[in-house]
Amino acid sequence: QVQLVESGGGLVQPGDSLRLSCAASGRTFSTYGMAWFRQAPGKEREFVAAINEIGRRSWLGGSVKGRFTISRDNAKNTLYLQMNSLKPEDTAVYYCAASQYQSGSYRKYDYDYWGQGTQVTVSS
């Protein structure tokens with residue numbers, strides 16, 4: 001089992017950058033495929049990015065390609081999401097998620113553990 005805690009959210013202006021972190025408990029972080037999802041008010045939870053267990057492969061959702069980067073540091077049990085050129089439509093609660101059996105999945109049902117989320121608001 002793994003527990004996930006996100007941090008780094010906040011209020012920023014369009015065009016700004018922000019880095020989210022997700023700290024994982026337990027000694028088996030490196031065995032999980034990890035991902036970021038987001039959910040805006042009144043909308044479905046949306047896939048943002050995923051990364052494989054050792055961090056050598058990553059996948060990005062279409063709306064964030066070229067602007068966001070996902071990475072992980074298994075020595076620190078931490079997942080990151082670097083967000084550049086932020087837009088108002090990026091406003092959402094961002095969640096990190098861990099999957100025991102899937103790597104790179106965009107489907108929320110493939111993830112077994114979720115954090116509580118961190119709010120990102122992009123507004124001028």
Side-chain angles (χ1 to χ4, degrees):
Q1 189 170 357
V2 63
Q3 292 183 325
L4 305 172
V5 179
E6 301 95 335
S7 62
L11 172 63
V12 296
Q13 294 186 340
D16 284 353
S17 297
L18 204 58
R19 188 175 82 157
L20 305 183
S21 299
C22 173
S25 65
R27 295 176 290 178
T28 60
F29 176 70
S30 61
T31 66
Y32 290 91
M34 299 296 297
W36 289 97
F37 288 77
R38 67 186 182 186
Q39 189 166 16
K43 294 188 176 181
E44 292 288 321
R45 192 165 294 192
E46 175 192 19
F47 170 77
V48 175
I51 191 166
N52 74 343
E53 292 82 348
I54 59 174
R56 289 189 178 176
R57 287 197 67 190
S58 63
W59 298 262
L60 293 172
S63 61
V64 305
K65 279 183 180 177
R67 300 187 299 123
F68 290 12
T69 303
I70 186 172
S71 62
R72 66 192 296 166
D73 186 337
N74 286 346
K76 295 182 178 180
N77 280 10
T78 304
L79 176 73
Y80 302 101
L81 184 68
Q82 177 66 44
M83 305 185 294
N84 298 329
S85 303
L86 283 161
K87 304 175 181 180
E89 50 264 44
D90 294 319
T91 295
V93 177
Y94 284 71
Y95 299 91
C96 68
S99 175
Q100 297 183 78
Y101 306 113
Q102 298 290 333
S103 185
S105 175
Y106 61 89
R107 300 181 305 179
K108 57 186 178 183
Y109 306 107
D110 286 333
Y111 291 86
D112 307 292
Y113 304 102
W114 293 82
Q116 83 290 347
T118 186
Q119 176 72 46
V120 172
T121 303
V122 185
S123 176
S124 55

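What you see below is based on every heavy atom in this structure, not just the backbone, and it leaves out hydrogens, waters and symmetry mates.
Among all heavy-atom pairs drawn from Ser105 and Ala50, the shortest one is O-CB, 4.2 Å. Of all the heavy atoms in Gly61 and Phe47, the pair that sits closest is N-CE2, 3.6 Å. Between Ala98 and Tyr32, the shortest heavy-atom contact is CB-CD2, 3.9 Å. Taking both residues in full, the closest heavy atoms of Ala92 and Ala40 are given as CB-N, 3.8 Å, listed atom of the first, atom of the second, then distance. Here the shortest heavy-atom pairing between Asn84 and Ser17 reads OD1-OG, 2.9 Å. Taking each heavy atom of Leu4 and Cys22 in turn, the nearest pair found is CB-SG, 3.8 Å.
Screening residues 89-115 for salt bridge (Lys or Arg N to Asp or Glu O under 4.0 Å), with sequence neighbours left out, gives Arg38-Asp90, Glu44-Lys108, Arg67-Asp90, Arg107-Asp110.
Cluster annotation: Leu81 and Tyr113 are assigned to the same hydrophobic cluster (Ile/Leu/Val/Met/Phe/Trp/Tyr, side-chain heavy-atom contacts under 4.5 Å, transitive). Side-chain heavy atoms closer than 4.5 Å link hydrophobic residues (I, L, V, M, F, W, Y) into clusters, and following such links, possibly through other members, connects Val2 to Ile70. Tyr80 and Val48 fall into different hydrophobic clusters, where Ile, Leu, Val, Met, Phe, Trp and Tyr side chains are chained together by heavy-atom contacts under 4.5 Å.
Atom-to-atom distance recorded for Leu60:CG and Ile51:CD1 is 9.5 Å, nearest 0.5 angstrom. For the atom pair Gln119 CD and Thr91 OG1, the distance stands at 7.5 Å (nearest 0.5 Å). Going from atom CD of Glu53 over to atom CD of Gln100 covers 11.5 Å, rounded to the nearest 0.5 Å. To the nearest 0.5 Å, atoms CE (Met34) and CG (Asn74) are separated by 9.5 Å. From Leu79, atom CG reaches atom SG of Cys96 across 6.0 Å, with rounding to the nearest 0.5 Å. Here the straight-line distance linking atom CG of Asp73 with atom OG of Ser30 works out to 11.5 Å at 0.5 Å rounding.
Not a single donor-acceptor pair under 3.5 Å links the side chain of Arg57 to the backbone N or O of Ser103. A donor-acceptor pair under 3.5 Å is absent between the side-chain atoms of Trp59 and the main chain of Asn52, judged by distance alone. The backbone N or O of Gln116 lies less than 3.5 Å from a partner atom in the side chain of Glu6, making a donor-acceptor pair.
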Next on the checklist: Walk me through whether Leu20 and Met83 qualify under side-chain contact (heavy atoms from CB on, under 4.5 Å).
Outcome noted: CA-CA 8 Å; Leu20 305 183; Met83 305 185 294; 3.7 Å; yes
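In this structure, Phe68 and Tyr94 have tilted ring planes: the angle between them lies in the 30° to 60° band.
When each of Tyr106, Tyr111, Tyr95 is tested with Phe37 by the rule ring-ring contact (aromatic ring centres under 6.0 Å, His included), just one qualifies, namely Tyr111. When each of Val12, Leu18, Asp16 is checked for a side-chain contact (heavy atoms from CB on, under 4.5 Å) with Val122, only Val12 meets the rule.
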